[in-house]
Amino acid sequence: LKANAVEETILDLQCDKPQDAMVFVEQLPEVKEAALFGRGLHIIVKDAGAAVRAIGDAMRANALPYDRLEQITPSMEDVFVSLIEARDRQEVRQKEVQQ
């Protein structure tokens with residue numbers, strides 16, 4: 001389920017100030033979405049290599065040290081969120097077709 005339900009790549013960023021990091025990370029074109037997850041962020045990206053470089057650069061430019069930035073296997077929470085978002089997108093498309 002973890003391998004098949006989430007189509008995007010997820011990066012785990014662990015840092016002391018995840019709320020501050022989220023402000024900068026969400027603005028990057030390489031980032032599709034970011035969410036607080038424990039002491040860090042789970043960041044959804046299309047291209048992990050490009051995103052890791054861009055996120056690392058943004059963290060350094062904004063003087064936000066981080067402990068870890070790596071691609072991870074989705075957690076069950078990530079799977080749940082992905083499935084809910086997919087269902088919501090499908091419902092929106094169905095409503096648009098009905099109109």
Side-chain angles (χ1 to χ4, degrees):
L1 185 59
K2 289 180 181 182
N4 297 323
V6 179
E7 296 175 7
E8 296 95 353
T9 299
I10 298 178
L11 300 178
D12 179 46
L13 172 66
Q14 293 296 309
C15 61
D16 290 332
K17 297 180 179 180
Q19 295 90 345
D20 294 345
M22 195 157 105
V23 171
F24 300 106
V25 167
E26 286 184 319
Q27 296 176 17
L28 298 171
E30 295 84 359
V31 172
K32 181 177 177 186
E33 184 179 333
L36 292 171
F37 198 89
R39 191 177 87 80
L41 300 174
H42 276 191
I43 306 164
I44 299 174
V45 301
K46 289 290 183 189
D47 179 346
V52 165
R53 286 187 296 278
I55 293 165
D57 290 346
M59 295 293 287
R60 285 186 290 279
N62 291 288
L64 292 169
Y66 59 95
D67 300 321
R68 182 177 70 210
L69 176 58
E70 64 187 12
Q71 183 174 340
I72 60 168
T73 301
S75 69
M76 287 306 293
E77 183 177 343
D78 294 319
V79 171
F80 175 76
V81 169
S82 179
L83 292 172
I84 294 299
E85 288 175 349
R87 187 196 72 198
D88 289 348
R89 284 190 301 270
Q90 182 63 29
E91 287 178 1
V92 167
R93 280 187 235 131
Q94 287 176 348
K95 286 179 184 176
E96 289 173 352
V97 169
Q98 290 172 355
Q99 293 176 357

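Values below: all heavy atoms of this structure, side chains included; hydrogens, waters and symmetry mates excluded.
- Heavy atoms only, all atoms of each residue included: Ile10 and Pro74 are closest at CD1-CB, 3.9 Å.
- Across all non-hydrogen atoms, the minimal contact from Val25 to Ile43 is CG1-CD1, 3.8 Å.
- When all heavy atoms of Ala21 and Met59 are compared, the closest pair comes out as CB-SD, 3.7 Å.
- Taken from SG in Cys15 to CG in Leu41, the straight-line distance is 5.5 Å, to the nearest 0.5 Å.
- Taking NZ from Lys46 and CD from Glu30, the interatomic distance works out to 14.0 Å, rounded to the nearest 0.5 Å.
- When every heavy atom of Gly56 is checked against every heavy atom of Leu69, the shortest pair comes out as N-CD2, 4.0 Å.
- Residue Ala48 comes nearest to Thr9 through the heavy atom pair CB-CG2, 3.8 Å, listed as atom of the first residue, atom of the second, then distance.
- Summarising the geometry of Met22 relative to Ala34, their closest heavy-atom pair is SD-O, 4.0 Å, with the distance given to 0.1 Å.
- For the side-chain contact (heavy atoms from CB on, under 4.5 Å) test with His42, the passing option among Ile72, Leu36, Leu11 is Ile72; the others fail.
- Leu28 and Ile44 fall into different hydrophobic clusters, defined by Ile, Leu, Val, Met, Phe, Trp and Tyr side-chain heavy atoms under 4.5 Å apart, directly or through other members.
- A donor-acceptor contact shorter than 3.5 Å is absent between the side chain of Asn62 and the backbone of Leu64.
- For the atom pair OH (Tyr66) and CD1 (Ile55), the distance works out to 9.0 Å, reported to the nearest 0.5 Å.
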